[in-house]
Protein chains: 2
Amino acid sequence: MENGKILRSFGLKVTAPRIKILKLLESPVKAHLTAEDIFKELLKTGDDISLATIYRALSQFEEAGLVIKHNFDGINAVYELNSEEHHDHMVCLKTGEIIEFYNEDIEKKQQEIAEKHGYEVINHSLILYVRPKK
Amino acid sequence: MENGKILRSFGLKVTAPRIKILKLLESPVKAHLTAEDIFKELLKTGDDISLATIYRALSQFEEAGLVIKHNFDGINAVYELNSEEHHDHMVCLKTGEIIEFYNEDIEKKQQEIAEKHGYEVINHSLILYVRPKK
DNA sequence: ATGCCTGCAAAGCTTTTGCAGATGC
DNA sequence: GCATCTGCAAAAGCTTTGCAGGCAT
């Protein structure tokens with residue numbers, strides 16, 4: 001039960017609902033899920049966990065640093081596992097698909113800009129809303 | 001009545017509530033306002049316009065391209081006038097202050113990245129969550 | 001005159017919370 | 001055994017909407 005260890009290592013209590021939620025987030029099929037997505041997905045497999053529990057679990061996961069919450073325009077908040085390497089997102093306006101990317105130069109520029117204004121970057125959100133090019 | 005012309009030029013009907021809302025958005029004191037901010041601000045000057053109207057006006061302004069809506073983390077949606085020159089935002093986590101900036105290199109990189117993936121950028125959102133450096 | 005606007009109140013949606021019982025450690 | 005978690009249902013918070021009357025053109 002690998003997921004149990006993960007939860008524990010983030011200081012989270014190990015419970016059945018949490019393990020199931022974490023498992024879903026790990027599944028490579030869809031990396032960015034809304035609370036509702038998770039709720040429905042779990043229903044499919046017969047695990048019916050209340051939405052309240054899902055929201056609570058996700059909040060705690062986020063606080064613990066296990067997941068990251070994104071507020072993309074128009075869509076509900078989505079959650080993804082907090083992978084080691086930071087990345088940003090493209091949201092396809094046609095399909096809703098979410099693509100990850102990372103660009104060193106942009107990251108650096110951001111730091112520079114903040115510093116120039118006397119700030120340090122604690123966090124940032126870069127989202128490209130895109131459309132397939134034909 | 002300059003503002004009347006502006007509304008008209010964006011294809012919007014000219015009404016008292018809209019003019020007042022637009023005036024507030026133009027005021028340089030606070031460029032980024034929530035619907036609630038506007039509501040309260042108008043109350044102060046004795047103009048009590050219903051929240052529903054403010055939301056409706058802002059939606060229409062946005063649709064018409066007069067204003068831009070931002071969804072910053074934690075805060076409610078904020079609206080600002082759509083100035084000619086695009087810019088991005090820094091949100092100070094300590095004071096809530098919002099600072100605008102623009103960086104050519106970042107803009108370019110974004111296009112490149114999207115293109116590399118077969119997309120074109122329709123819109124983007126870059127927000128730096130920052131803290132004053134001591 | 002007509003169609004778009006406004007206010008009000010009610011509804012909608014996502015997310016949060018109080019409470020009582022269940023579960024993990 | 002005790003603290004924390006869970007489900008349920010209710011509430012909260014922001015935003016939208018239906019309706020009836022009012023205003024701009």
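Numbers restart at 1 for each chain; the letters A, B, ... are given by sequence-line order, proteins then strands.
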* Asked: Asn3(A) and Glu26(A): side-chain donor and acceptor closer than 3.5 Å?
  -> yes

Between NZ of Lys13(A) and P of dA22(C) the distance, given in whole Å, is 16 Å

- Task: Looking at every strand, decide which applies to Ala35(B) at a 4.0 Å heavy-atom threshold: base, sugar-phosphate, or nothing.
- Result: nothing

Is the phosphate of dT6(C) approached by Thr53(B) (side-chain N or O, under 4.0 Å from OP1 or OP2)? no

How are the rings of His70(B) and His32(B) set relative to one another: parallel (under 30°), tilted (30 to 60°) or perpendicular (over 60°)?
tilted

Between CG of Leu7(B) and C1' of dT25(D) the distance, given in whole Å, is 15 Å

message = Main chain of Tyr129(B), side chain of Asn123(A): is a donor-acceptor contact present, judged purely on distance under 3.5 Å?
response = no

In whole angstroms, the gap separating P of dG7(C) from CD1 of Ile54(B) amounts to 8 Å

Between Thr34(B) and Ile49(A), whichever has its closest DNA chain D nucleotide further toward 5' is Ile49(A)

Taking for Lys69(B) and for Asp48(A) the nucleotide of DNA chain D with the nearest heavy atom, the one nearer the 5' end belongs to Asp48(A)

Phosphate OP1/OP2 of dT16(C) contacted by Tyr55(A) side-chain N/O (<4.0 Å): no

In whole angstroms, the gap separating P of dT15(C) from CG of Asp73(B) amounts to 13 Å

When Glu36(A) and Arg56(A) are each assigned the nearest nucleotide of DNA chain C, the 5'-most assignment goes to Glu36(A)

Between Thr15(A) and dT6(D), is there a side-chain N or O to OP1/OP2 distance below 4.0 Å? yes

Counting only side-chain N and O atoms of Arg18(B), is one of them less than 4.0 Å from OP1 or OP2 of dT6(C)?
-> yes

Please check: side-chain N/O of Arg131(A) versus main-chain N/O of Ile122(B), any donor-acceptor pairing under 3.5 Å? no

Quiz item: Under 6.0 Å from the NZ atom of Lys30(B), do we count more than 12 heavy atoms belonging to anything else shown?
Solution: yes

Between CG of Leu58(A) and P of dC5(D) the distance, given in whole Å, is 14 Å

Worksheet item: Hey, does Ala57(A) reach any base, or is it just sugar-phosphate, or nothing, if we go heavy atoms under 4.0 Å?
Response: nothing

